[in-house]
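Comments concern the structure below.
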There are 2 protein chains.
Amino acid sequence: MGLTKSEFFTENQNKTATLLKALGHPARIAIVEYLLRVKTCICGDIVNELPLAQPTVSQHLKELKNAGIIKGNIEGNAICYCLDEGALEYINSYFGNMLTEIYKKSTCC
Amino acid sequence: MGLTKSEFFTENQNKTATLLKALGHPARIAIVEYLLRVKTCICGDIVNELPLAQPTVSQHLKELKNAGIIKGNIEGNAICYCLDEGALEYINSYFGNMLTEIYKKSTCC
DNA sequence: TTGTTTCATTGCAATATTACGATAATAATT
DNA sequence: AATTATTATCGTAATATTGCAATGAAACAA
């Protein structure tokens with residue numbers, strides 16, 4: 001098959017999985033960490049930062065954008081990418097809530 | 001190719017990506033949320049909870065275990081799975097730190 | 001207009017993932 | 001020993017992902 005059965009899971013489960021899947025690759029983690037490090041927005045110098053060819057970086061950026069992790073704004077002939085605060089807040093509160101739930105319960109096994 | 005160039009990224013970047021990749025599937029999110037919901041550890045009734053066949057669930061459990069998200073303890077002929085607190089704490093602090101960094105900086109674009 | 005810069009898209013090959021039926025393996029039960 | 005319960009593994013098919021060379025598109029500069 002190879003086809004995820006998304007229709008059997010809740011909207012939130014799919015949303016969470018989509019966001020985390022987008023971050024589930026070291027190159028995309030590196031891109032996000034780079035975007036976090038540079039104070040202002042950047043665009044194509046992500047290519048200079050990573051050991052990957054330009055089309056590969058472009059594809060990773062597309063996936064991050066589709067998932068909602070980053071935003072891209074056109075500025076002349078360059079494109080300015082930046083992190084989407086909302087998405088990261090969503091993930092952060094997801095794990096925050098999860099941990100408070102865990103701490104309420106006894107450890108098992 | 002289809003082969004991730006992990007050797008070009010840092011150990012932490014690879015670790016983070018591995019953890020998030022394991023959670024990047026709605027079935028595995030559902031498994032984790034189920035493990036969070038049931039007070040004590042469970043084993044094979046995850047199969048009854050999800051709309052997936054037993055081998056598929058077993059495979060997802062294996063991936064979660066390999067990534068370090070869950071632990072499995074043998075109890076007689078059953079296996080008791082439970083969440084690995086440490087892994088979730090790692091992820092939580094990763095995004096916590098990221099957000100505090102974001103809040104320090106001005107929004108772009 | 002011609003070139004330059006910047007980025008996306010196409011097309012392809014190699015590999016990974018997802019899902020399941022069938023089967024095996026292990027431990028308790030009868 | 002035979003049965004049952006529980007879970008893992010194997011094998012296979014369909015699809016997705018990763019990566020890059022080549023090419024295209026859009027904006028700017030000369």
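All values reported here derive from a predicted model rather than from experimental measurement.
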Give a yes/no on whether any side-chain N or O of [X] is located under 4.0 angstrom from OP1 or OP2 of [N].
{"X": "A:His25", "N": "C:dT17", "answer": "no"}
{"X": "B:His60", "N": "D:dA8", "answer": "no"}
{"X": "B:Tyr81", "N": "D:dT6", "answer": "no"}
{"X": "B:Ser58", "N": "D:dA8", "answer": "yes"}
{"X": "A:Lys21", "N": "C:dT17", "answer": "no"}

Within 45° cone of A:Tyr90 ring axis and under 6.0 Å: A:Lys15 NZ or CZ: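 Checked: cation-pi criterion met.
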Upstream residue (5' side of DNA chain D) when A:Ala27 and B:Thr56 are each assigned their closest nucleotide: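 Its nearest nucleotide lies further toward 5', so the answer is B:Thr56.
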[X] side chain: which of [options] is closest?
{"X": "B:Glu63", "options": "C:dC20, D:dT6, C:dT18", "value": "C:dT18"}
{"X": "A:Pro55", "options": "C:dC7, D:dT6, D:dA21", "value": "D:dA21"}
{"X": "A:Lys62", "options": "D:dT18, C:dT9, C:dC20", "value": "C:dT9"}
{"X": "A:Arg28", "options": "C:dG21, D:dT18, D:dT7", "value": "D:dT18"}

Touch class at under 4.0 angstrom, heavy-atom based, for B:Ile74 against every strand present: nothing
N/O donor-acceptor pair, side chain A:Gln59 with base C:dA8, under 3.5 angstrom: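 In this structure, the two groups form no donor-acceptor pair.
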hbond_proxy A:Asn77 side chain to C:dT5 base (donor-acceptor, 3.5 Å cutoff): yes
Measure [atom1]/[X] against [atom2]/[N] and give the value in whole Å, please.
{"X": "A:Ile29", "N": "D:dT18", "atom1": "CD1", "atom2": "P", "result": "12 Å"}
{"X": "A:Asn73", "N": "C:dT6", "atom1": "CG", "atom2": "C1'", "result": "16 Å"}
{"X": "A:Lys5", "N": "D:dT15", "atom1": "NZ", "atom2": "P", "result": "14 Å"}

Residue whose closest nucleotide on DNA chain C lies nearer the 5' end, B:Leu52 versus A:Val57: A:Val57
Parallel, tilted or perpendicular, as decided by the 30° and 60° cut-offs, for the rings of B:His25 and A:Phe9: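 Rings of A:Phe9 and B:His25: perpendicular, as their planes differ by over 60°.
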